[in-house]
Amino acid sequence: MTALSTVPALFKLHRLKFAGLLLIANLALLAHLWLGDSLPVSQWSWTDIAGEGGSALLVLVWIGLLLRGRPAGQVTTLLFLGLACLFFSLWIDTLDEVVELPFGTRWDKWLESGPMPVGFILMTLGIYHWHREQLAITAQMEKRERLFREYRLFDSLTPLCGAEYLRLQLQQALAQARDDRQPLSLAMLDIDDFSALNRAYGHAEGDRVLQAVSQLLVLNLRRQDLLCRLAGDRFVVLMPNTGEQQARVLATELREAVCHLAHRSSEHGERLPLSTSVAVVMAQHDDPQTLLERLNLALARARQPVQARRA
Amino acid sequence: MNAAAGWFECDTRFIPGHFQPGMLIDLALGRGLNSHRLLRGTGLFYEDIVAGTARLSPQQWLALIGNVRTLPAGEDIGFLLGQRSLPGHFGAASHAFAQAAHLHDALDVLIEQRAQLSPLLTPRLEVDDNRLQLHWLDAYGCGEQYRFVLEASMAAVASATRWLSGERLPWRFEFRQAQPRHIEQYWVHLGDALRFERPRDSMVLPREWLHRPWPGASTIAAQGARLESQRQLAEQRLHSSLLDQLHDYLLAHIRDPLNLERVATAFGLSPATLKRRLQKHGTHFQEQLDLARLHVALHLYEARGYSNDAVAAYLRFNDTTNFRRSFKRWTGQSPSALRQLLGWAPG
């Protein structure tokens, strides 16, 4: 059996931050209990407790989701500090409802109202940098997504999107191409004898090959192209504003790039022989599904000589 | 206990946890599913599976599959499981499969050792003058997981026979289901020869491939492994499933008047008990009888070239109209429509 998880849980990176917040919240609670008197339950205002306590709890959930989902860094720290201040304000507010401090106490008002504006300023800074970060990530996602993002359609193995995303993209791209009276071409790439490679070097090595190949293909695309992993070892490139001839040239270059990829096995470091078959079609009056079927058929025809050579 | 009665049911614990279930668990963990969610509701413990001591019932194995299928973007998992699971590392059964001299040998081992190599679906081989057909039948009532199990089973045979024969065999894949949305997975993992909405779930191949010698096969090693696997099968008291044995019985007695009472007696059960046991597997007597009659009818059409009248008479239908109506109920198509679709000789 393999290890339970290959990626370290992100939350572990933030354990100290989270523990610190809980510690401070507890200190505030202790200070209240020590200096004040708890109110009898009959005097509790349940609507206030539910409103303020519930908000505090929700903010804590946000903090949990944030820390579970983000690596450490400036943006995470800013967002965390902002949310932590918000939580703290609401928490003190809730404590006021159940603990009565001696008349004339001022510090609790400061604890309640002070962190709130600070929190909002920190959050604003955090969100501003988050926005910058998003732009940077979107630039990095170029050629792997176009115009819309849907995390549920991300491929589980490679940093690409899968077939369902491709169908959605095709729908849009076909309509766009019709409106602009521009050609649209698709290329399909399939690694030859990938199953033999899996048997010989193990499935983990096969997965690494797929990851390496997808990175390599991305490097060899133009800015407007989109690469998806259709299934298994089969990739599809969507090429807007591209005629069949040009698409064929690009597809051939992709095939050659994979041929020249010196992927070495992680066990013994020997080079794995890689070759691919490619096929190209230009969209006519297709819907996404028939276009993909046509492309798949073209690939089957392109592969026949490969199989005949082997036989 | 059913084992004493000579068959397995869906709650008989006979599937070693570190066989196919272990492979699926590896795949799912690699996709980031945690082991608690994976085993939730199965009554299994991760430690027992790793230790190799867990035995799963078909029900538990199906529950595990159900949990894995909650993964997003998991349409390929059945196929990936299949590609890993044959010949597999299941002791003598896997050795015997891997040493097969040709396809026929391999399929014989697969069928004989199905309790280990294909516990949930029963492969049945039918060979006529032109082609071989490997039909897949539900052995324990897979229910919602049937498609997943079928994808895994077909991918297993396609991938293993390709590897062992050293060439891509031109299998044609036939499915009862309509074309699924994730058709690209079928293209990549099975091939382009796919047919949907057919009367059976089958893999079809021209007969000439059946006895082509496979490279790397060794007669002595193969014989030894085969005998060893047969010994193990007997020692471990691995029986076939109740549904399997019922299907065999119905096929053998298809021309006799068949009803629940008679069949129950033959199985040493009361009619109520047989009814309950079938219910447990998500089926009932009439469904199983119809399935057997359909298989016989298709065999008569395809292999013997029978006409509708002849098939109806063989199956002891009172008249052909009645038979045609039944046939349409079994397959969704009339015999003549299917005849056209499948290109049988006109009857």
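Below, chains carry the letters A, B, ... as their sequence lines are ordered, and counting in each starts from 1.
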Could you state the interatomic distance from CZ (A:R234) to CD (B:E184), rounded to the nearest 0.5 Å? 10.0 Å
Can you find a pair of side-chain heavy atoms, one from B:V188 and one from A:D233, that are under 4.5 Å apart? yes
Is the CG atom of A:L16 crowded by more than 12 outside heavy atoms at less than 6.0 Å? no
At a heavy-atom distance under 4.5 Å, which candidate from B:H182, B:E75, B:H189, B:R31 has the highest pair count against chain A? B:R31
Counting only heavy atoms not in A:E270, do more than 12 sit closer than 6.0 Å to its CD atom? yes
Chain A contact via B:A160 - which portion, at a heavy-atom distance below 4.5 Å: both
Starting at CD1 of B:I183, measure out to CG of A:L292 and round the result to the nearest 0.5 Å. 11.0 Å
Please indicate whether B:R212 has more than 12 foreign heavy atoms, meaning atoms of other residues, nucleotides or ligands, lying under 6.0 Å from its CZ. yes
Count the heavy atoms belonging to other residues, nucleotides or ligands that lie under 6.0 Å from CZ of B:F45, then report whether that count exceeds 12. no
Which of B:S159, B:G74, B:G191 touches chain A most, by non-hydrogen pairs under 4.5 Å: B:S159
Looking at every non-hydrogen atom in both residues, tell me the closest pair between A:R199 and B:P87 and how far apart they are. NH1-CD, 3.7 Å
Near B:R37 CZ, under 6.0 Å, is it more than 12 heavy atoms from other residues, nucleotides or ligands? no
Under 6.0 Å from the CD atom of B:Q179, do we count more than 12 heavy atoms belonging to anything else shown? yes
When A:Q289, A:R167, A:E293 are compared by non-hydrogen pairs under 4.5 Å with chain B, the top option: A:R167
Below 4.0 angstrom, N of the basic side chain to O of the carboxylate: do B:R168 and A:D193 qualify? no
Contact part of B:W187 toward chain A, heavy-atom cut-off under 4.5 Å: side chain, backbone, both or neither? both
Can you tell me how far apart CG (A:D207) and CG (B:L80) are? Round to the nearest 0.5 Å. 8.0 Å
Counting heavy-atom pairs under 4.5 Å with chain A, which one of B:D192, B:N34, B:L71 comes out on top? B:D192
